[in-house]
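The structure appears right after this line, and notes come after that.
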Amino acid sequence: MGTLLNINNLKTHFFSSGRTIRALDGVSFHIEEGEVFGLVGETGCGKSVTALSILRLIPFPPGKIINGEILFRGRNLLSLQEDEMRSIRGQEISMIFQEPMTSLNPVFRIGDQMMEVIMLHQKLNRSRAFEKALEMLQRVHIPDADRVVKQYPHQLSGGMRQRVMIAMELSCHPFLLIADEPTTALDVTIQAQILRLIKEIKKELQTSILLITHDLGVIAEMCDRVAVMYAGSIVEEAKVEEIFEEPKHPYTQGLWGAIPRVDQEKEALVVIPGMVPDLSQPPTGCKFHPRCPYRFDPCDQKKPPLFPLSPGHLVSCYLYEEGKSHE
Ligand code: SF4
């Protein structure tokens with residue numbers, strides 16, 4: 001197993017009405033082959049912008065990747081020509097979205113949409129592409145795939161549409177699947193089925209997954225490692241067991257404290273005071289400092305780097321600078 005994706009100091013900004021919105025402000029992380037890596041954080045923290053930056057789908061204007069490196073299988077995606085990028089999208093890196101209707105075309109039958117992707121990337125003829133589409137629908141446990149292949153998206157339930165999207169995105173056996181809130185729009189029982197399906201397919205195809213969610217339960221259930229994002233930066237990264245056992249960054253502790261626990265029903269949930277900052281005028285230094293109960297001298301002056309706590313556990317907080325007390 002090696003490193004599949006390595007992102008270094010990625011900065012994606014949006015320029016609008018004379019303002020610069022620093023949506024990603026120096027994001028770095030890597031994903032190993034066959035790994036499920038989670039990105040978690042509140043709405044607007046930069047999770048989806050990270051995914052769109054990897055695929056170079058940031059709309060320009062107003063958005064632009066202004067700095068960084070996205071090394072995928074050894075190649076920097078930011079230096080590729082657009083036609084090279086087009087062949088990577090869908091074939092080597094695929095993406096499933098929260099609402100499959102945004103990706104499925106309502107006026108084409110499911111089979112035709114799947115066949116188009118398969119013929120484009122795998123260079124198969126129509127009849128082979130049809131067989132492949134059918135095979136993929138069966139693989140994601142769609143009952144009566146022969147009928148579904150001839151249907152339109154609106155004739156399917158939300159859960160079935162998400163299965164179709166997974167089948168379509170996996171039909172070219174990508175090295176990396178980006179799943180952006182893949183279960184948020186589904187009800188709880190269907191959510192569980194879709195997560196089980198993603199897990200099963202990942203095991204079968206050995207696809208690496210970048211799983212984006214605000215749901216800590218999904219992270220705990222699915223991921224090997226996780227990075228917590230706040231206001232366009234990663235504030236903590238660790239193995240899932242480690243971060244759930246001992247979250248270190250004050251923001252991670254706040255997020256974790258906000259999870260209702262059935263074994264502690266009398267304890268009040270933690271509320272993080274204040275608001276998520278305006279990314280066109282972010283706070284100086286540590287962006288969490290206006291909300292942090294532990295802030296001290298350097299916090300509002302200089303952005304804390306990611307300090308290593310143990311192998312693979314990194315925290316962007318001055319409390320963990322060498323020589324500081326950690327309690
Ligand atoms: Fe709080 Fe300072 Fe750590 Fe930021 S760097 S999280 S303000 S203690």
Side-chain angles (χ1 to χ4, degrees), residues 7-13 20-30 37-50 67-68 212-216 219-220 223 225-261 267-327:
I7 296 182
N8 295 313
N9 200 22
L10 185 63
K11 294 187 181 181
T12 302
H13 293 178
T20 301
I21 296 139
R22 294 163 175 81
L24 295 187
D25 191 21
V27 167
S28 302
F29 63 89
H30 72 279
F37 185 80
L39 262 190
V40 70
E42 290 164 282
T43 303
C45 68
K47 307 183 298 287
S48 297
V49 176
T50 304
N67 187 70
I212 293 172
T213 181
H214 62 271
D215 187 332
L216 296 171
I219 292 285
C223 297
R225 286 187 305 124
V226 62
V228 179
M229 284 192 85
Y230 182 76
S233 301
I234 287 178
V235 296
E236 184 161 4
E237 182 188 315
K239 287 193 187 119
V240 161
E241 313 82 62
E242 206 167 322
I243 208 166
F244 272 86
E245 198 142 301
E246 251 189 298
K248 293 292 190 185
H249 193 281
Y251 176 65
T252 317
Q253 289 172 349
L255 273 188
W256 264 233
I259 309 173
R261 292 186 47 172
E267 281 194 22
L269 297 181
V270 173
V271 175
I272 304 174
M275 301 283 288
V276 177
D278 173 357
L279 293 184
S280 66
Q281 291 175 310
T284 54
C286 170
K287 291 196 196 103
F288 190 60
H289 86 256
R291 307 174 74 184
C292 181
Y294 308 108
R295 66 178 171 266
F296 57 110
D297 254 357
C299 300
D300 61 353
Q301 290 152 32
K302 213 168 140 226
K303 183 180 173 181
L306 283 160
F307 297 108
L309 292 188
S310 57
H313 194 162
L314 305 166
V315 187
S316 166
C317 172
Y318 285 120
L319 290 172
Y320 303 96
E321 192 174 9
E322 210 177 330
K324 291 269 185 317
S325 162
H326 293 185
E327 300 307 324

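In listed order, ligands and their atoms are each counted from 1. Just the heavy atoms: all of them, side chains too, but no hydrogens, waters or symmetry mates, feed the values below. Residue indices begin at 1 and follow the sequence shown. A quick note: this is a predicted structure, and the numbers were derived from the prediction, not measured.
Near His289, with a cut-off below 4.0 Å to any heavy atom, the atoms of ligand 1 are 7 (S). Taking a cut-off of under 4.0 Å to the non-hydrogen atoms of Cys292, the atoms of ligand 1 that pass are 1 (Fe), 6 (S), 7 (S), 8 (S). Applying the 4.0 Å criterion to heavy atoms of Cys317 picks out, from ligand 1, the atoms 3 (Fe), 5 (S), 6 (S), 8 (S). Ligand 1 places these atoms under 4.0 Å from at least one heavy atom of Pro250: 6 (S). Shown in contact with Tyr318 at under 4.0 Å from a heavy atom are these atoms of ligand 1, numbered in order with element: 3 (Fe), 5 (S). Set against the non-hydrogen atoms of Cys299, the atoms of ligand 1 under 4.0 Å away are 2 (Fe), 5 (S), 7 (S), 8 (S).
In this structure, His249 counts as a contact residue of ligand 1, since one of its heavy atoms falls inside 4.0 Å of the ligand.
Tested against His313 for a side chain to side chain donor-acceptor pair (under 3.5 Å), the candidates Glu246, Lys248, Glu236 yield a single pass: Glu236.
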Met229 and Thr50: CA distance, side-chain angles, deciding distance, side-chain contact (heavy atoms from CB on, under 4.5 Å) verdict: CA-CA 10 Å; Met229 284 192 85; Thr50 304; 3.9 Å; yes
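The aromatic rings of Tyr251 and Tyr230 sit tilted relative to each other, their planes meeting at an angle between 30° and 60°.
For the pair Arg291 (side chain) and Pro273 (backbone), a donor-acceptor distance under 3.5 Å is present.
One side chain, Asp278 or Ser280, offers a donor N or O that lies under 3.5 Å from an acceptor on the other.
Note that the CZ atom of Phe288 and the NE2 atom of His249 stand 7.0 Å from one another [nearest 0.5 Å].
Nearest non-hydrogen protein atom to atom 4 (Fe) of ligand 1 is Cys286 SG, 2.3 Å.
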